[in-house]
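Note that these values count all heavy atoms, side chains included, but never hydrogens, waters or copies made by symmetry.
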Amino acid sequence: MKKTILLAKIEHKLELYVPFGILILAGELRKNGYNVILYHGNLKEFYKKFDEIDKQDLNFVGFSTMTGPQLRPTISASEYVKSSNIKVIWGGIHATILPEVCLKEKCVDYVVLGYAEGQIKNIANILAKEESLEEHPGVGYVGKNNEIIISDEILFETNVDEFLPALDMIDLKPYYQKMEDSVRVLPMISSRGCPFACGFCYNQAVNSGKWVGYSDDKVLQLVDYLKEEYKIDGIYFHDDNFFTKVGRAQNIIKSIDLPWFAEMRANLLTQEFVSFLEQTRCRKVFIGAETGSPEVMKDIGKGIGVRDVENAVIRLKDSDIHTELSFIIGFPDETQKQMEETMGFIDHLDRIGHNRLRCAVKVYNPQPNTPLWERALENGMEPPETNEGWSDFSRNKCFLVNKHTKTIEDISKIHYYMVYFPFLKLEKWRWEKRYFKHTYDVKIIDRVYKYLTETKKGVEIKRKLKPLIKLLRKKGF
Ligand code: SF4
């Protein structure tokens, strides 16, 4: 029986985010006697890691997949594994949303849909006996006549307390984030899913409106581990919707005794709730504000109003809590006037909010089986047929093909550069004048930015430039 399993997440850039998905699976496999090897990093190091492993005992290699640029190195890594005649399984959000596309890769033997921790032991046992997963719930594969067969079931584990991430199997120091005054912040995912049905969100496609969370005790157990082992000075609750059960989330917060950061819906921020945030060392809130157009807000089914966002900003104004609002432009059928309403709303919030308020403008990304998907297709979305095509998926790229496509992409970038690099005066001028034509400057800044964030040398230069950028900001440039 082959008892070794390699679980991997391949990245295309240098910044790393704790791979909770494979850590949960690793914990469960280890409990059941498997020798689990974890890999999280770039393609080059993956090859080295794989070469070191004894293939005689290797049961399978599982890759965690996300739709976007990380797919390219994941395909190369999978091909490399397959060339040694080892079984390859793809899981994660991309495999769940686009299983047919994933199975077009000759190197992928199976896809697993949804959350596999409750089934991973069975999957490993079946493969260890060199049997097939064809009848297994939540699995997709290519049949004997080359037909793609996908299970109707998306796995969703409800008994999550049994499946904690094996945090001890990974060195978490490379994952420290600097957030506001804290320098050793680590993320935590205490729940998954969300009962809301925002038209653009992957949650409906993957979780069908379900939500499940670890019990308070288990969350605190994980936080205590991070405090003890890593001396964290902040924790970032990165759940889909941490405040789905407000009482549960508040109980957790009251017990952690740490600066904390979390995403939340705007309508949660009553005056009383803001007082709770202040009393419990909340340092920053992330709010999906989405749009400045009341019509679009209704259309995307967010379940809040534009005024809820405005009220949240007003109520946070007298606190010292940093606030980040994310907006989306380029929704199906969104008119130029509605986009301008969003830009105007951002300017309005910047005027009325405190100086710790930041807005971000992202581009709408259509995903299959989400509520807005059909309308995205009607609006010129041409779904890529390959994983290579889906690798271009990003929050800066517009997949709807219409006369606004290029402008939408430029608006998002110009706003970002204006906010984070205020000395780029041309971008500020562009935003204020709403002038988004002839954007050669944006192309150049884009290239430099990519170099500074995606190459080792560039990241080093960026680190050295940080004090200078800080000084320029301070001097009002
Ligand atoms: S955008 Fe947020 S609130 Fe809306 S469905 Fe997704 S996770 Fe839930």
Restricting to pairs with a member in residues 137-152, which pass salt bridge (Lys or Arg N to Asp or Glu O under 4.0 Å), not counting sequence neighbours? none
Please name all residues satisfying side-chain hydrogen bond (donor to acceptor under 3.5 Å, both in side chains) with Trp260, sequence neighbours left out, ordered by chain then number. Thr280
What pairs with Glu162 under side chain to side chain contact (heavy atoms under 4.5 Å, CB included), at least two apart in sequence or on another chain? Asn159
Salt bridge (Lys or Arg N to Asp or Glu O under 4.0 Å): pairs with one or both residues in residues 183-196, sequence neighbours excluded: Glu117-Arg192
Sequence neighbours left out, what passes side-chain hydrogen bond (donor to acceptor under 3.5 Å, both in side chains) with Asn35? Give chain and number order. Thr4
Provide the closest heavy-atom pair for Pro137 versus Glu153 in the form atom of the first, atom of the second, distance. CB-OE1, 3.4 Å
Qualifying salt bridge (Lys or Arg N to Asp or Glu O under 4.0 Å) pairs, either residue in residues 68-87, two or more places apart: Arg72-Glu388, Arg72-Asp392, Lys82-Asp109
Fit a plane to each ring of Tyr115 and Phe156, take the angle between them on a 0 to 90° scale, and name the class: parallel (under 30°), tilted (30 to 60°) or perpendicular (over 60°). perpendicular
Using the six-membered ring wherever Trp is involved, compare the ring planes of Phe399 and Trp390 and label them parallel, tilted or perpendicular (cut-offs 30° and 60°). parallel
Specify the closest pair of heavy atoms between Ser191 and Arg248, including all atoms of both residues, with the distance to one decimal. CB-NH2, 4.3 Å
Sequence neighbours excluded, every pair satisfying ring pair (Phe, Tyr, Trp, His ring centres under 6.0 Å) that has a member inside residues 441-462: Tyr416-Tyr449, Tyr417-Tyr449
Can Asp168 and Tyr225 be counted as having a side-chain donor-acceptor contact under 3.5 angstrom? no
ring-ring contact (aromatic ring centres under 6.0 Å, His included) filter on Tyr364, not counting sequence neighbours, yields Phe331
Results of side chain to side chain contact (heavy atoms under 4.5 Å, CB included) for Glu45 - residues two or more places apart only: Tyr39, Asn42, Lys48
Which pairs pass salt bridge (Lys or Arg N to Asp or Glu O under 4.0 Å) with one or both residues in residues 52-69, sequence neighbours excluded? none
Partners of Trp373 by side-chain hydrogen bond (donor to acceptor under 3.5 Å, both in side chains), sequence neighbours excluded? none
Sequence neighbours left out, cut at 3.5 Å: what donor-acceptor pairs do the side chains of residues 5-13 make with other protein atoms?
| from | atom 1 | to | atom 2 | distance (Å) |
| --- | --- | --- | --- | --- |
| Lys9 | NZ | Glu11 | OE2 | 3.4 |
| Glu11 | OE2 | His40 | NE2 | 2.7 |

Heavy-atom closest pair, residues Pro195 and Thr244: CD-CG2, 3.6 Å
